[in-house]
Amino acid sequence: RHGKHYILAFDKHYNKDGTINESKTEFYVPNEYIYNLSQKNPDIFLPAISIHPYRKDALDELDKWGKKGVQLLKWLPNAQGMNPSDPDLEPFYKKMVQYKISLLTHAGEEKAVDAEEDQKLGNPLLLRFPLDLGVKVIVAHCASLGTNEDLDNKDRNQVDNYELFLRLMDTKKYE
(Lines give C-alpha, C1' and ligand atoms only; values in the text may rest on other atoms or scores of the structure.)
Protein backbone atom coordinates (compact mmCIF):
# COMPACT_ATOMS: atom_id res chain seq x y z
CA ARG A 1 0.00 0.00 0.00
CA HIS A 2 2.93 2.35 0.56
CA GLY A 3 4.29 1.95 -2.95
CA LYS A 4 7.93 1.69 -3.94
CA HIS A 5 10.42 4.49 -3.66
CA TYR A 6 13.68 5.16 -5.42
CA ILE A 7 16.63 5.38 -3.08
CA LEU A 8 19.41 7.50 -4.54
CA ALA A 9 23.15 6.99 -4.78
CA PHE A 10 25.39 10.01 -5.26
CA ASP A 11 28.77 9.76 -6.98
CA LYS A 12 31.83 11.86 -6.23
CA HIS A 13 32.88 15.00 -8.09
CA TYR A 14 35.30 14.08 -10.91
CA ASN A 15 37.54 16.26 -13.02
CA LYS A 16 37.36 15.99 -16.80
CA ASP A 17 40.56 13.86 -16.76
CA GLY A 18 38.82 11.20 -14.66
CA THR A 19 40.46 12.02 -11.33
CA ILE A 20 38.39 12.50 -8.19
CA ASN A 21 38.09 16.03 -6.89
CA GLU A 22 37.86 15.42 -3.15
CA SER A 23 37.64 19.12 -2.30
CA LYS A 24 34.42 19.40 -4.30
CA THR A 25 32.96 16.08 -3.12
CA GLU A 26 30.59 17.23 -0.41
CA PHE A 27 29.13 13.77 0.16
CA TYR A 28 29.19 10.33 -1.43
CA VAL A 29 26.63 7.53 -1.40
CA PRO A 30 27.97 4.42 -3.18
CA ASN A 31 25.93 2.49 -5.72
CA GLU A 32 26.63 -0.79 -3.92
CA TYR A 33 25.16 0.55 -0.69
CA ILE A 34 21.97 1.70 -2.38
CA TYR A 35 21.64 -1.46 -4.42
CA ASN A 36 22.08 -3.67 -1.34
CA LEU A 37 19.44 -1.70 0.56
CA SER A 38 17.05 -2.14 -2.34
CA GLN A 39 17.71 -5.89 -2.44
CA LYS A 40 17.12 -6.24 1.32
CA ASN A 41 13.89 -4.23 1.06
CA PRO A 42 12.51 -4.96 -2.43
CA ASP A 43 8.94 -4.19 -1.40
CA ILE A 44 9.96 -0.61 -0.50
CA PHE A 45 13.01 0.47 -2.50
CA LEU A 46 14.21 0.62 -6.09
CA PRO A 47 17.86 1.57 -6.66
CA ALA A 48 18.91 4.75 -8.45
CA ILE A 49 22.63 4.60 -9.19
CA SER A 50 24.93 7.57 -9.70
CA ILE A 51 27.82 7.28 -12.14
CA HIS A 52 29.87 10.34 -12.94
CA PRO A 53 30.49 10.20 -16.70
CA TYR A 54 34.09 11.47 -16.34
CA ARG A 55 35.09 8.43 -14.26
CA LYS A 56 37.62 6.29 -16.06
CA ASP A 57 35.41 3.24 -15.44
CA ALA A 58 32.09 4.97 -16.24
CA LEU A 59 31.13 2.68 -19.14
CA ASP A 60 32.06 -0.45 -17.17
CA GLU A 61 29.92 0.80 -14.27
CA LEU A 62 26.99 1.36 -16.62
CA ASP A 63 27.41 -2.20 -17.91
CA LYS A 64 27.54 -3.56 -14.37
CA TRP A 65 24.34 -1.87 -13.22
CA GLY A 66 22.54 -2.12 -16.54
CA LYS A 67 22.98 -5.90 -16.48
CA LYS A 68 21.43 -5.92 -12.99
CA GLY A 69 18.37 -4.15 -14.35
CA VAL A 70 18.84 -0.76 -12.71
CA GLN A 71 16.71 1.75 -14.59
CA LEU A 72 17.50 5.15 -13.05
CA LEU A 73 20.72 7.18 -12.81
CA LYS A 74 21.01 10.29 -10.59
CA TRP A 75 23.07 13.40 -11.37
CA LEU A 76 23.47 16.87 -9.94
CA PRO A 77 25.62 18.42 -12.69
CA ASN A 78 26.45 21.71 -11.00
CA ALA A 79 27.46 19.95 -7.75
CA GLN A 80 29.20 16.98 -9.38
CA GLY A 81 30.99 18.95 -12.10
CA MET A 82 29.70 17.33 -15.27
CA ASN A 83 28.55 19.10 -18.40
CA PRO A 84 25.50 17.24 -19.77
CA SER A 85 26.18 18.65 -23.25
CA ASP A 86 29.81 17.46 -23.43
CA PRO A 87 30.16 15.59 -26.77
CA ASP A 88 32.61 13.19 -25.10
CA LEU A 89 29.62 11.74 -23.20
CA GLU A 90 28.02 10.29 -26.32
CA PRO A 91 29.18 6.69 -25.61
CA PHE A 92 27.90 7.04 -22.04
CA TYR A 93 24.48 8.21 -23.23
CA LYS A 94 24.28 5.52 -25.90
CA LYS A 95 24.95 2.88 -23.25
CA MET A 96 22.21 4.39 -21.07
CA VAL A 97 19.81 4.04 -24.00
CA GLN A 98 21.01 0.46 -24.60
CA TYR A 99 20.08 -0.50 -21.02
CA LYS A 100 16.98 1.73 -20.91
CA ILE A 101 18.40 3.69 -17.99
CA SER A 102 16.67 7.04 -17.48
CA LEU A 103 18.51 10.11 -16.22
CA LEU A 104 17.21 11.84 -13.10
CA THR A 105 19.03 15.15 -13.07
CA HIS A 106 18.74 18.48 -11.39
CA ALA A 107 18.71 21.67 -13.41
CA GLY A 108 18.58 25.26 -12.32
CA GLU A 109 20.45 26.75 -9.40
CA GLU A 110 21.71 24.25 -6.85
CA LYS A 111 21.22 25.26 -3.21
CA ALA A 112 21.41 22.00 -1.25
CA VAL A 113 25.02 21.18 -2.20
CA ASP A 114 27.86 23.65 -2.72
CA ALA A 115 28.08 24.38 -6.44
CA GLU A 116 28.62 28.11 -6.72
CA GLU A 117 31.33 28.10 -9.39
CA ASP A 118 29.56 25.46 -11.51
CA GLN A 119 25.99 26.79 -11.48
CA LYS A 120 26.17 27.15 -15.28
CA LEU A 121 26.13 23.32 -15.50
CA GLY A 122 22.53 23.46 -14.26
CA ASN A 123 21.38 25.15 -17.47
CA PRO A 124 18.36 23.12 -18.67
CA LEU A 125 19.33 23.68 -22.31
CA LEU A 126 22.44 21.54 -21.75
CA LEU A 127 20.10 18.55 -21.60
CA ARG A 128 19.38 18.74 -25.32
CA PHE A 129 22.37 16.54 -26.08
CA PRO A 130 21.26 13.49 -24.07
CA LEU A 131 17.68 14.00 -25.24
CA ASP A 132 18.83 14.11 -28.87
CA LEU A 133 20.58 10.77 -28.31
CA GLY A 134 17.38 9.18 -26.99
CA VAL A 135 18.01 9.33 -23.24
CA LYS A 136 14.85 9.68 -21.16
CA VAL A 137 15.45 12.64 -18.86
CA ILE A 138 13.64 13.63 -15.67
CA VAL A 139 14.43 17.22 -14.66
CA ALA A 140 14.03 17.50 -10.89
CA HIS A 141 12.33 20.67 -9.65
CA CYS A 142 11.78 21.79 -13.28
CA ALA A 143 14.86 24.02 -13.02
CA SER A 144 12.81 26.32 -10.81
CA LEU A 145 15.62 28.40 -9.27
CA GLY A 146 18.13 30.94 -10.59
CA THR A 147 19.15 32.11 -14.03
CA ASN A 148 21.51 30.91 -16.74
CA GLU A 149 22.81 31.95 -20.14
CA ASP A 150 20.34 31.77 -22.96
CA LEU A 151 22.35 29.46 -25.22
CA ASP A 152 19.97 30.19 -28.09
CA ASN A 153 20.65 33.92 -28.03
CA LYS A 154 23.88 35.35 -29.44
CA ASP A 155 23.95 37.91 -26.60
CA ARG A 156 23.95 35.07 -24.03
CA ASN A 157 21.78 37.12 -21.70
CA GLN A 158 20.67 35.66 -18.36
CA VAL A 159 17.22 34.05 -18.41
CA ASP A 160 15.24 32.42 -15.64
CA ASN A 161 16.09 28.69 -15.55
CA TYR A 162 12.40 27.81 -15.41
CA GLU A 163 11.84 29.70 -18.67
CA LEU A 164 14.73 27.78 -20.25
CA PHE A 165 13.16 24.54 -18.98
CA LEU A 166 9.80 25.48 -20.51
CA ARG A 167 11.51 26.21 -23.82
CA LEU A 168 13.15 22.78 -23.69
CA MET A 169 9.81 21.12 -22.96
CA ASP A 170 8.11 23.03 -25.80
CA THR A 171 10.39 21.25 -28.26
CA LYS A 172 8.16 18.78 -30.11
CA LYS A 173 10.84 16.09 -30.53
CA TYR A 174 11.30 15.87 -26.72
CA GLU A 175 7.67 14.97 -25.98
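All values below were derived from every heavy atom in this structure, side-chain atoms included, with hydrogens, water molecules and symmetry-related copies excluded.
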*Could you point out which residue of Gln80, His52, Arg55 forms a side-chain hydrogen bond (donor to acceptor under 3.5 Å, both in side chains) with Asp11?*
Arg55

*Check whether more than 12 heavy atoms from other residues, nucleotides or ligands sit under 6.0 Å from atom NZ of Lys16, and answer yes or no.*
yes

*asked:* Going by the rule salt bridge (Lys or Arg N to Asp or Glu O under 4.0 Å), which residues pair with Glu110 if we only count those two or more places apart in sequence or in a different chain?
replied: none

*Which pairs, with at least one residue in residues 123-157 and sequence neighbours excluded, count as a ring pair (Phe, Tyr, Trp, His ring centres under 6.0 Å)?*
Tyr93-Phe129, His106-His141

_Short N-O contact, Lys173 and Asp132, less than 4.0 angstrom_ = yes

_Tell me whether Gln71 at atom CD has more than 12 heavy atoms from other residues, nucleotides or ligands lying less than 6.0 Å away._
no

_I need the full list of side chain to side chain donor-acceptor pair (under 3.5 Å) pairs touching residues 27-47, with sequence neighbours left out, sorted by first then second residue._
Glu32-Lys64

*salt bridge (Lys or Arg N to Asp or Glu O under 4.0 Å) against Asp160, all qualifying residues, sequence neighbours excluded*: none

*asked:* As a quick check of understanding, evaluate side-chain hydrogen bond (donor to acceptor under 3.5 Å, both in side chains) for Ser23 and Asn21, giving each step before the final call.
replied: CA-CA 6 Å; Ser23 68; Asn21 188 329; 2.8 Å; yes

*asked:* I'd like to check the salt bridge (Lys or Arg N to Asp or Glu O under 4.0 Å) partners of Lys67; sequence neighbours left out, ordered by chain and number.
replied: none

*Partners of Arg167 by side chain to side chain donor-acceptor pair (under 3.5 Å), sequence neighbours excluded?*
Asp150, Asp152

_Starting from Phe92, can I reach Leu131 by hopping between I/L/V/M/F/W/Y residues whose side chains sit under 4.5 Å apart?_
yes

